[in-house]
Amino acid sequence: MEEMRMVRVRFAPSPTGHLHLGSARTALFNWLYARHTGGKFLLRIENTDRVRSDTKFLEEILENLKWLGIDWDDEPIYQSRRFDVYREKAEKILARGKAYREGEAIIFKVEKGRSIELNDIIHGKITVNTDNIKDQVMIKSDGSPTYNFSCVVDDSYQEITHVLRGDDHISNTPKQILFYEALELKLPQFGHMPLILGPDGAKLSKRHGVVSVEEYKKEGFLPEALANYLILLGWFPGEDREVLSLNEAVKLFDINDMSDVQAKFDIQKLKWMNGEYIMKKKTEELLPLIKDRLLVAGFDISSVADDYISKIVGLYKIRMKTLAEFVELADFFFKDDFTVDEEGKKKHLDNEEKKESMRIFADRLEGLEAFSQEGIEEICRDIVEERGIKAAAVIHPTRMAISGKTKGAGLFEIMEVLGKEKVINRMKGLKR
RNA sequence: GCCCCUGUCGUCUAGCCAGGUCUAGGACACCGCCCUUUCAAGGCGGCAGCACGGGUUCAAAUCCCGUCGGGGGCGCCA
């Protein structure tokens, strides 16, 4: 009895806040299902709450979806424009004697003692007794529809075949089934995916800190990495695969492979994943993103050559986990008053012999015509040999002096990119 | 309180439906070694888990029951 009707799924954000990671994941799975099956992925804007809804949020949500790589079919529908439809449907139920008025509201009468069964795609059979369901408001006193009612009217209107949403809607589903029956509508299939939990095991929410896509974007996460990580929470592509593009995921996606167990959000793994994407990205692709970062961080790069920035990106792309980290790691390339690691300074610079070695190093560098990595290293190695000291005794103090840090890219490559003048000035303690 | 969902390493998961091939596999994190001018990256190795108790069976992570634990929902919010 395989039905041949085309898959139609939807994502129904409420523009009352930022796009939450959990919602983004829900959108991702719906999209994946639609694209895998060749069906349609539709949008519905649930803006019935006139007070809290804001077009600013709507724009951001749509922008975030696109950013993540999600596209949608047809024009989104807006619930705020369909109030007359909800009222009409509610009146119909009222006329059949299955609802009553109280105040200005229209309330659905729930028949007691019934058992409602739903065959969830992800959880299997779920049974609820209507004794546990109160009468349900369909139209509120202010004339707006309730979530459960408008949801049913619109899922039916949009001919949704599969309602894939978060676990937290499981208890809504029997109520909605009652509305489907009252309106004599065809039921879609339901699939409730487990929620994302915070590190403490509670539903991921604002109290866990950063939970909106917008904030992750601002922290310098790549959309590919965020999307990749999110779809791994609750779905397994098979063959121990973890890093995969959305295109590959579309090919491999099978809703039957979805887990019915809640997953905790692990920022560590997300960072690792982000690092993977950053280091595999071409430097040219990273360049504009990094320039944005520098601008946001307050650097004036109007007179800085792209070529210079590109070289630095090349040195640091395997070292940063987020784009934001670039600024911390490479600040000294863009300003002379860079931050200095005090412990490192004490360890590597508060020593006369080391300073002396560094002074000699700086003097000899003055005579170096082509300021290349190789030439610099040769001079360094010569000094080390002449003075019978360890290379580290010159390298660490120099790194501290020119970058203020104890870690980072290879010293000689840093020096070449920074350039002769700055390197020598910093080594001699000038312009600090 | 009532209702519903759920329980494999610290975390994400494979295995469970069709019980033996599981001395339970992979990934993140962590630890160690190698490489090395530091930090990363890379290579190699290590630590660590079937919530518990009963069944069923020759055999259970896999099937059944119970206990305990975790989560969600019970709005004229969405």
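Proteins get letters first, then strands, A, B, ... in listed order; numbering begins at 1 in each.
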For this session: Pick base, sugar-phosphate or nothing for Glu102(A), based on heavy-atom distances below 4.0 Å to the nucleic acid.
Result: base

By nearest-heavy-atom nucleotide on RNA chain B, the more 5' of Asp240(A) and Gly408(A) is Asp240(A)

Under 4.0 Å between a side-chain N or O of Arg399(A) and OP1 or OP2 of C39(B)? no

Open item on the list: Does either side chain, that of Tyr147(A) or that of Asn172(A), offer a donor lying less than 3.5 Å from an acceptor on the other one?
Closed with: no

> Would you say the side chains of Gln79(A) and Asn47(A) form a donor-acceptor pair under 3.5 Å?
Replying inline: no

Write out a two-atom table: protein N or O, nucleotide N or O from nucleotides 72-74 of chain B, distance below 3.5 Å.
residue: G72(B); atom: OP1; partner: Lys203(A); partner atom: N; Å: 3.0
residue: G73(B); atom: OP1; partner: Lys203(A); partner atom: NZ; Å: 2.8
residue: G73(B); atom: O2'; partner: Ser171(A); partner atom: OG; Å: 2.4
residue: C74(B); atom: O3'; partner: Lys134(A); partner atom: NZ; Å: 3.4

Classify Ala263(A) by what it touches in the nucleic acid, base, sugar-phosphate, or nothing, heavy-atom distance under 4.0 Å.
sugar-phosphate

Does Arg82(A) make a cation-pi contact with Tyr157(A) (under 6.0 Å, within 45 degrees of the axis)?
yes

So, Gln136(A) side chain and Lys134(A) main chain: donor-acceptor pair closer than 3.5 Å or not?
yes

>> Please classify the nucleic acid contact of Thr48(A) as base, sugar-phosphate, or nothing, using heavy-atom distances under 4.0 Å.
In response: sugar-phosphate

- Classify the side-chain pair Ser212(A)/Glu215(A) by whether it contains a donor and acceptor separated by less than 3.5 Å. yes

- Message: Students often get this wrong, so: under 4.0 angstrom with heavy atoms, is Tyr316(A) touching a base, only sugar-phosphate, or nothing?
- Response: nothing

Would you say Lys321(A) places a side-chain N or O within less than 4.0 Å of OP1 or OP2 belonging to A41(B)? yes

- Between the side chains of Arg426(A) and Thr398(A), is a donor N or O closer than 3.5 angstrom to an acceptor N or O? no

